[in-house]
Amino acid sequence: MATVRDDGAFGEFVAGQLAGLPGVRAVTLGGSRAAGTSRPDSDWDFAVYYRGAFSPDSLRALGWPGTVFEIGGWGGGVFNGGAWLHVDGRKVDVHYRDLDDVEHHLAEARTGRFGIERLLFYLAGVPTYVVVAEIALNQVLHGDLPRPAYPDALRAAAPPRWWGDAQATLRYARDGRITAGARGRPLACRMLGQDVRVTTDAAGLNGAEPQAVLSPLTGAAIFLVVVVKPGSDNADTVRGLCGDLAGLIRAVGFRGTEDYLTCVAGLSATAWDRLAGETRPAGLHPFVEFRSAGRVAPATAGDLLFHIRAARMDLCFELATQIMARLEDAVTVADEVHGFRYFEHRDLLGFVDGTENPAGQLAYDSVIIGDEDPAFAGGSYVLVQKYLHDMDAWNALTTEQQENVIGRSKLADIEQDDSVKLTSAHNALTTITENGQEIKIVRDNMPFGHVGTDEYGTYFIGYARSPATIELMLQNMFIGRPEGNYDRLLDVSTAVTGGLFFVPSVPLLEGLAGDDSDGEADAPADTPSMAGPARDGSLNIGSLRGASHDE
Ligand code: HEM
């Protein structure tokens with residue numbers, strides 16, 4: 001028959017028995033029993049602190065029913081092993097604590113150092129300073145233990161480390177276009193050390209990870225358009241940068257992990273032909289200008305587009321600096337615009353810009369190429385235009401007139417009812433439907449300007465799965481739907497640049513570094529020279545050296 005003891009007597013009894021085991025120097029009570037938050041049926045969590053050797057057999061010899069594990073039997077480290085027992089009809093857990101190990105982690109914590117161990121169910125892991133916290137907080141029932149205060153160095157070091165890790169993981173997930181369902185797999189599998197091919201193939205992307213096209217809206221952006229100078233050396237320099245861009249983003253981004261630095265690189269049709277080979281992505285072609293009754297969407301020079309985004313301009317600026325340092329004299333800058341977030345995501349005309357952007361899976365499906373162009377799956381298209389606004393002309397309109405131009409209310413940003421909305425409204429002309437289904441694009445427009453030179457502008461940037469969608473929007477805006485029923489935004493806005501670029505997937509972009517064809521046709525005519533899978537049966541994963549995703 002079990003002996004009936006009250007809780008106080010029970011704790012003393014078990015601790016006394018454990019303290020008598022060879023090598024044990026101290027015994028503590030932890031968990032809810034020590035914290036005073038226990039219920040009558042709560043477990044009893046004891047720890048035995050031993051110096052040198054401890055034999056689980058001595059614990060077994062006490063004869064308490066249950067399971068006694070070997071030292072290290074729970075994986076080692078913080079979970080060094082222990083026992084699950086029943087004593088007097090109560091559930092008792094015993095944890096083994098090696099005093100040398102505990103003292104080591106205490107010394108480390110006092111200098112702000114700690115490790116993080118993997119532990120089942122603990123997604124972020126368990127820190128080694130847990131054993132220090134135990135001796136600080138648990139009730140010592142037998143023997144002597146140090147009772148450390150919270151080390152100042154640890155207080156300073158731990159929060160930024162956890163925060164930094166969390167932000168970096170989140171940023172990685174976003175960069176990896178983890179939007180839903182299948183897209184969640186690359187992150188999970190990379191963390192488990194699996195080959196990304198397994199996961200992106202499953203997602204129908206032929207192993208191709210998209211660039212950070214779908215980054216969240218940020219507070220700052222730089223739009224950098226460059227022209228590659230003639231000469232194979234210059235082409236090689238640019239290819240080299242394509243291979244190293246991920247590393248540069250990682251290096252600069254790590255200086256502000258919570259600020260989501262990303263960079264999307266795109267190549268014009270001309271640049272693609274020259275740098276990548278003769279087979280183009282299906283929709284890639286030089287930007288064709290639109291012109292009607294004095295309204296012009298010009299096509300301007302530009303081989304490469306770098307769309308750099310972050311919460312802070314300093315990160316964008318540093319990355320742009322590093323990119324230009326790498327490109328050296330191989331390029332000339334055709335255009336450089338520094339965009340800023342203006343109040344509630346408003347453009348300088350005062351309207352909220354971006355509201356109707358698709359999100360999540362719809363955004364992904366709207367901009368990332370899939371099976372329709374398998375060799376270029378994971379890629380995207382991006383069209384950019386720099387617009388300058390005539391603010392005097394705009395401000396001469398009443399708010400109601402402005403709302404009719406955009407098709408939304410200005411202050412509350414609510415879409416006008418169809419019974420009120422003009423067919424020439426901006427949001428009417430840019431709504432494209434196909435077989436009754438709306439075809440979306442993703443915009444990340446940014447205001448920019450210079451008050452000294454009276455320059456007030458919107459940098460339009462639209463990502464799409466096919467450039468035809470954006471081109472149809474432009475046709476509606478500039479020529480009209482029907483012809484002449486054009487976008488009145490253009491009465492106060494002049495497009496001064498325009499370019500269409502293909503955004504290769506990450507492996508395709510990085511694979512450019514290994515391609516020295518310089519447009520020569522040494523690849524099979526029916527395969528894109530850069531498309532790894534078509535070229536050598538691999539995915540050019542080897543060229544992911546130092547890539548951002550595999551740490
Ligand atoms: C002067 C440059 C531009 C400005 C200031 C501007 C501003 C706006 C604003 C304020 C909205 C309404 C809020 C929203 O849904 O985002 C909007 C919507 C939209 N804009 Fe623009 N935009 C410009 C150029 C363009 C261009 C060049 C295109 C495409 C070629 C475009 C495509 C769209 C689309 C697709 C929508 C969403 C329509 C909807 O689904 O309701 N915009 N734009």
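Just so you know, these numbers use all the heavy atoms, side chains as well, and skip hydrogens, waters and symmetry mates. None of the values given here were measured: they were computed from a predicted structure. As the structure lists them, so they are numbered: ligands from 1, and atoms in each ligand from 1.
- Taking 4.0 Å as the cut-off, Gly462 does not count as a neighbour of ligand 1 on heavy-atom distance.
- Under a 4.0 Å criterion applied to the non-hydrogen atoms of Gln385, ligand 1 contributes the atoms 27 (C).
- Tested against Leu512 for a side chain to side chain contact (heavy atoms under 4.5 Å, CB included), the candidates Val238, Leu241, Leu267 yield a single pass: Leu267.
- Shortest contact from atom 16 (O) of ligand 1 to any protein heavy atom: Gly354 N, 2.5 Å.
- Between Arg346 and ligand 1 there is no heavy-atom distance shorter than 4.0 Å.
- Considering only non-hydrogen protein atoms, atom 5 (C) of ligand 1 sits nearest to Asp347 OD2, 3.5 Å.
- Here is the list of ligand 1 atoms found below 4.0 Å of a heavy atom in Lys440: 40 (O).
- Under the 3.5 Å distance criterion, with hydrogens and angles disregarded, no donor-acceptor pair is assigned to the side chains of Tyr387 and Asn445.
- Close to ligand 1: Glu438, with a non-hydrogen atom less than 4.0 angstrom away.
- A donor and an acceptor atom, one from each side chain of Thr423 and Asn485, are located under 3.5 Å apart.
- The atoms of ligand 1 that sit less than 4.0 Å from any heavy atom of Phe351 are 10 (C).
- Remark: minimum distance from atom 12 (C) of ligand 1 to any protein heavy atom is reached at Arg408 CD, 3.5 Å.
- Taking 4.0 Å as the cut-off between side-chain N and carboxylate O, Glu328 and Arg326 do not count as a salt-bridged pair.
- The closest protein non-hydrogen atom to atom 41 (O) of ligand 1 is Glu356 CG, 3.3 Å.
- Of all atoms in ligand 1, listed by their number and element, those nearer than 4.0 Å to a heavy atom of Leu474 are 27 (C), 30 (C).
- Between the side chains of Gln416 and Asn404, at least one donor-acceptor pair of N or O atoms lies under 3.5 Å.
- Applying the side chain to side chain donor-acceptor pair (under 3.5 Å) test to every pair with at least one member in residues 466-477, sequence neighbours left out, gives these pairs: His285-Glu471.
- Annotation: atom 13 (C) of ligand 1 to nearest protein heavy atom, Val352 O, 3.3 Å.
- Among all non-hydrogen protein atoms, the one lying nearest atom 2 (C) of ligand 1 is Tyr387 CD1, 3.6 Å.
- The shortest N or O to N or O distance between Thr458 and ligand 1 is not under 3.5 Å.
- Looking at residues two or more places apart in sequence or on another chain, you find no side-chain hydrogen bond (donor to acceptor under 3.5 Å, both in side chains) involving Thr270.
- Shown in contact with Ile470 at under 4.0 Å from a heavy atom are these atoms of ligand 1, numbered in order with element: 30 (C).
- Sorted by chain and number, the protein atoms of type N, O or S within less than 2.8 Å of atom 21 (Fe) of ligand 1 are His426 NE2.
- In summary, the side chains of Thr262 and Ser215 do present a donor paired with an acceptor at a separation below 3.5 Å, with no hydrogens or angles considered.
- A salt bridge links Arg465 and Glu372; the closest N-O separation between the charged side-chain nitrogens and carboxylate oxygens is under 4.0 Å.
- Applying the ring pair (Phe, Tyr, Trp, His ring centres under 6.0 Å) rule to pairs touching residues 430-460 yields Phe223-Tyr459, sequence neighbours excluded.
- A donor-acceptor pair shorter than 3.5 Å can be found between the side chains of Asp413 and Thr355.
- Against a heavy-atom cut-off of under 4.0 Å, His389 is close to the following atoms of ligand 1: 1 (C).
- Listed by number with element, the atoms of ligand 1 under 4.0 Å from a non-hydrogen atom of Met473 are 29 (C), 30 (C), 35 (C).
- Heavy atoms of Met477 come nearer than 4.0 angstrom to ligand 1 in at least one pair.
- Using a cut-off of 4.0 Å between Lys/Arg side-chain N and Asp/Glu carboxylate O, Arg255 and Glu318 are scored as salt-bridged.
- Listed for the Lys386 side chain is no donor-acceptor partner under 3.5 Å among the backbone atoms of Thr494.
- Side-chain atoms of Gln402 do not come within 3.5 Å of backbone N or O of Glu400 as any donor-acceptor pair.
- A salt bridge is defined here as a Lys NZ or Arg NE, NH1 or NH2 lying under 4.0 Å from an Asp or Glu carboxylate O, and Arg309 with Asp444 meets this definition.
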